[in-house]
Amino acid sequence: MRSQADLVELGKRYLYPNYKQPPLVMARGQGCELWDVEGKRYLDLYAGIAVHILGHVHPIVTAAIAEQAATLMQVSNYFYNAPNVELAARLCAVTHMDRVFFCNSGSETIEAMLKLARRHFFALGQVQRNQVIAFEGSFHGRTLGALAATGQPSYREGFGALPDVTHVPYGDIDAVTNAIDEHVCAILVEAVQGEGGVLPAPAGFLQSLRALADRHGILLLADEIQSGLGRTGRFLAFEHANVKPDAVALAKGLAGGIPVGAMLCGEHLAKALPPGSHGSTFGGNPLASRAALAVLEVIEQQNLLQEATRKGAVLGNALQALCDKHPKHLRSTRGVGLLRALVLASHVDARALQGKIRDLGVLVTVAGGSTLRFTPPLIITDDQIAQGLAVIDRALTALDSSN
Ligand SMILES: *Cc1c(COP(=O)(O)O)cnc(C)c1O
């Protein structure tokens, strides 16, 4: 095989340069560990951005994928396929929703949800209800519709006119109330803003949104792409607030690394997108569906929701201890379950610190510009959490001498 340097050169020469990767080529993963092509080992505390709920190449998921790959991978939605209908039933049971539409990414799931909301009111004869309220700091994806909903101007800059979405401050119920008029069809919200820097919804906020949506006869749409699948200790982060949205977006962790998206909704929305109005060639394919079934099975068998709660507390306490030890560089820690962040002091360059931690063999992400985000596999051990944070402690201690 080519050397790491040669592979990096090839990537720099031929890949579209919309990312800025460090000069590392990952070769192999297992559980919470990754190895680059030179054999250097990393402790993975970001898990493909909240994708690898069960860690890398979980044997049960790998076996399910291998078997399905040798049986049937895709047939389009001209026909039903067994793994897909089993998965639909399973997902509805765990989320208490009634219907699932499958696609292949988070952004596509948001697109489906936005189309669902608009078309629902079209079917009711309220064509003017086609606008959405979303939140400042939110992230909903990169396709034009999902981008329009994303409440961070830097992602939208330069892409011209996008569908009209009203963005109001996250947690500000008065601002939402004031933004509702006869054109609004839905409120789109993350129970924990992930890319925005791991900001949990303030207490009572989701309940208030539910009440507001009910009062105005509009829809409450949940983006659980990052917070779902047990990451916060409940299957959906919305469950912490005891709130049932009208529709829910899942993706990232659902199929163990195979691309997938799932939009779930209540029966009252089952007629909003009639045959022909929406679809996907790959959506609901047996390969991704089978992988997702395996993921759900392992989450249940290994009690990973309870584990996420328990280990989330271990991680949260350890992050708080780091804050206490490094008050100069760290402001605070926040998050729920195994979706957590360290908020850095303003003088700390988040990317540089992330790079130092990576050089020491631990992988985390930067979110919201000034936080280090932790989205480890739910199967992480207490020992691995301690190892990871010991490395971050070293990187922070090294900062003491540099500034
Ligand atoms: C990652 C993410 C998306 C977009 O998902 P893609 O699969 O990258 O299109 C949307 N919403 C949230 C909350 C996300 O974390």
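For ligands, and for the atoms within them, numbers begin at 1 and follow the listed sequence. This chain uses plain numbering: 1 for the first residue, then up along the sequence. Below, each value reflects all heavy atoms present in this structure, side chains not excepted, and no hydrogens, waters or symmetry copies.
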Inset, instruction - Report yes if the side chains of V295 and V61 come closer than 4.5 Å at any heavy-atom pair, otherwise no. - result: yes
Inset, instruction - Can you sort out which atoms of ligand 1 are near Q226, meaning under 4.0 Å from one of its heavy atoms? - result: 15 (O)
Inset, instruction - Using a 4.0 Å heavy-atom cut-off, say whether R142 meets ligand 1 through its side chain, its backbone, both or neither. - result: neither
Inset, instruction - Quick one: look up the protein heavy atom nearest atom 11 (N) of ligand 1 and list residue, atom name and how far away it is. - result: D223 OD2, 2.7 Å
Inset, instruction - Any atoms of ligand 1 less than 4.0 Å from a non-hydrogen atom of S107? List them with their elements. - result: 4 (C), 5 (O), 6 (P), 9 (O)
Inset, instruction - For ligand 1, indicate whether the residue A251 contacts it via side chain, backbone, both or neither (heavy-atom separation under 4.0 Å). - result: neither
Legend entry - Test item: protein heavy atom less than 4.0 Å from atom 8 (O) of ligand 1: no
Legend entry - Face-on cation placement of R41 at W35 ring, 6.0 Å and 45° thresholds: no
Legend entry - Ionic contact status for E9 with R2, cut-off 4.0 Å: no
Inset, instruction - Output yes when E195 and R373 qualify as a salt bridge under the 4.0 Å nitrogen-oxygen rule, no when they do not. - result: yes
Inset, instruction - Around atom 14 (C) of ligand 1, find the nearest protein heavy atom and jot down its residue, atom name and distance. - result: K252 NZ, 2.9 Å
Inset, instruction - Measure the acute angle between the ring planes of F135 and Y170, then classify it against the limits of 30° and 60° as parallel, tilted or perpendicular. - result: perpendicular
Legend entry - Nearest-contact summary for atom 5 (O) of ligand 1 - protein heavy atom, Å: G106 CA, 3.3 Å
